[in-house]
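Just below is one structure, and these are the notes that go with it.
Quick note: residue numbers are just sequence positions, from 1.
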Amino acid sequence: MLLLAACSGGQSEVLPTTVSSPLPTPRGWMLSSGHSFGQGLLATRLPGGQPRRMDLPNDSVVFAARWAEPGKTAYAFVQPNGDRHAVQLVRVALDGPPRAVGARLENVSATAVVSAADSVGGVFMAATCAHATGWVDVMAGGESMWRRVAPGCRATLSPDGRTVAFSDDGHTVQTVPAAGGTPATAFDSSAIPAVTSAGLAGARIQDMAWGEAGIGVVLHRGRSYAVLIHTEHGDHLARVPGVPSFVGALRWRPSGPLLAVATFFGGQGSIMRAIDARTGDIRVLATDPRGLGGTVWSPDGSLLASLDSRGAWIFVDGNGNRATLVPVDNELPFDWGT
């Protein structure tokens, strides 16, 4: 039986707090783009290190990237040879040209890369979508061919890379082994009473992310957005306040219950929030009058980093306390490793 807890963002939202105790200094390797919209890749050692350009053409548009070996090699989904409709997975290093992994994919709507102890280089997933029809492909590190495992335009990988969660109808989330198999229904958002009572009957799933605490999805209907978190102990619905133009970029805190979500208001700034999977409470972590770009948690989950409108990285903890600011040249953060 599901335990349902509806949470209204306007009623339970908590504003950022001020620093009440020393926060940790950001440390480790940050993987970022060279421009504000993912071009080229840079490796920066925190704190205080100088960015080192990885061997990827500066004009390569990067949609997503993840460390393979922090500070040395990474995997990235890039736009190949200026083809705006295609995405190619490549392995990138500080020295040596990028190497294509698998075939290029057309009309990609979602990507994911997770580490997996039993797979060299991790597990890769891509969902492609055209004319409301999509397919989910998976490839493990060391392989060279994509494996089609499920239909759907929206999908995500489990934290261990063994399972895919997907939706092929916009409201039902199913799971299937990454190696292929028979899908099983995880939950149906349209059947959850809290969704209907919040005025979101008929809402469609726009984004998905799977963390240790559960599966989070962005629901969209008309001008309203909400984030639904499905856990083993129940479901929580957090209504996103205001009339945003976009809600997404879901990022789970490593081994924790917080799900970060970005809200954009089209030319009027953006807000970074976090939703607690245990209670459904929604809190503000950071705001920017023009916009925040990229969202990455530190490997230990103590800090969240994002690019602000001044072209610098800001760092906040899970309560919205600001740790520090690191000036960079409009570098969009993709991943943070040690």
Side-chain angles (χ1 to χ4, degrees), residues 7 9-10 13-16 30-33 35-38 62-66 77 109-112 154 156 203-211 213 215-220 223-229 236-254 256-277 280-298 301 303-322 325 328 330-336:
C7 167
E13 186 165 50
V14 179
L15 295 176
M30 188 72 80
L31 179 65
S32 65
S33 70
H35 299 277
S36 57
F37 184 73
V62 182
F63 295 99
R66 185 82 179 252
F77 285 94
S109 56
T111 61
R154 295 286 178 262
T156 187
R204 307 281 296 181
I205 293 174
Q206 296 291 302
D207 197 1
M208 305 175 64
W210 196 340
I215 300 174
V217 301
V218 174
L219 296 177
H220 177 219
R223 303 178 72 184
S224 299
Y225 285 88
V227 177
L228 174 67
I229 297 181
H236 295 289
L237 183 73
R239 184 76 176 265
V240 179
V243 186
S245 57
F246 171 80
V247 175
L250 301 175
R251 298 291 184 271
W252 280 101
R253 189 179 195 172
L258 291 185
L259 176 63
V261 56
T263 304
F264 295 89
F265 292 91
Q268 299 182 20
S270 62
I271 300 175
M272 189 69 66
R273 294 181 169 91
I275 302 163
D276 194 320
D281 289 340
I282 183 171
R283 70 190 69 164
V284 173
L285 299 183
T287 64
D288 191 282
R290 296 179 61 188
L292 294 165
T295 311
V296 293
W297 288 97
S298 61
L303 293 172
L304 183 75
S306 187
L307 175 70
D308 72 3
S309 60
R310 294 165 293 182
W313 290 335
I314 61 168
F315 297 87
V316 299
D317 68 7
N319 292 315
N321 297 309
R322 291 210 176 193
L325 182 147
V328 294
N330 278 330
E331 297 168 22
L332 192 72
F334 281 122
D335 195 21
W336 191 344

Is there a donor-acceptor pair under 3.5 Å between the side chain of [X] and the backbone N or O of [Y]?
X: D207; Y: A249; answer: yes
X: R239; Y: S224; answer: no
X: W252; Y: A209; answer: yes
X: R154; Y: Q206; answer: yes
X: T263; Y: S270; answer: no
X: D317; Y: N319; answer: yes
X: R253; Y: G301; answer: yes
X: D288; Y: S309; answer: yes

Taking every non-hydrogen atom, the tightest pair across L332 and G293: CD1-C, 3.3 Å
Set of salt bridge (Lys or Arg N to Asp or Glu O under 4.0 Å) partners for R310, sequence neighbours left out: D308
For F77, all residues meeting ring pair (Phe, Tyr, Trp, His ring centres under 6.0 Å), sequence neighbours excluded: none
Ring pair (Phe, Tyr, Trp, His ring centres under 6.0 Å) against F265, all qualifying residues, sequence neighbours excluded: none
Intermediate values then yes/no, side-chain contact (heavy atoms from CB on, under 4.5 Å), M272 and T295: CA-CA 9 Å; M272 189 69 66; T295 311; 3.2 Å; yes
Criterion side-chain contact (heavy atoms from CB on, under 4.5 Å) on F334 and V62, from CA distance to verdict: CA-CA 10 Å; F334 281 122; V62 182; 3.7 Å; yes
Aromatic ring pairing F264/F246, orientation class (parallel under 30°, perpendicular over 60°, tilted between): tilted
Test log, rule side-chain contact (heavy atoms from CB on, under 4.5 Å), inputs R322 and I314: CA-CA 7 Å; R322 291 210 176 193; I314 61 168; 3.6 Å; yes
Residue of the set L304, L307, V328 for which side chain to side chain contact (heavy atoms under 4.5 Å, CB included) holds with P333: L307
Separation between CG of D276 and CZ of R283, rounded to the nearest 0.5 Å: 5.5 Å
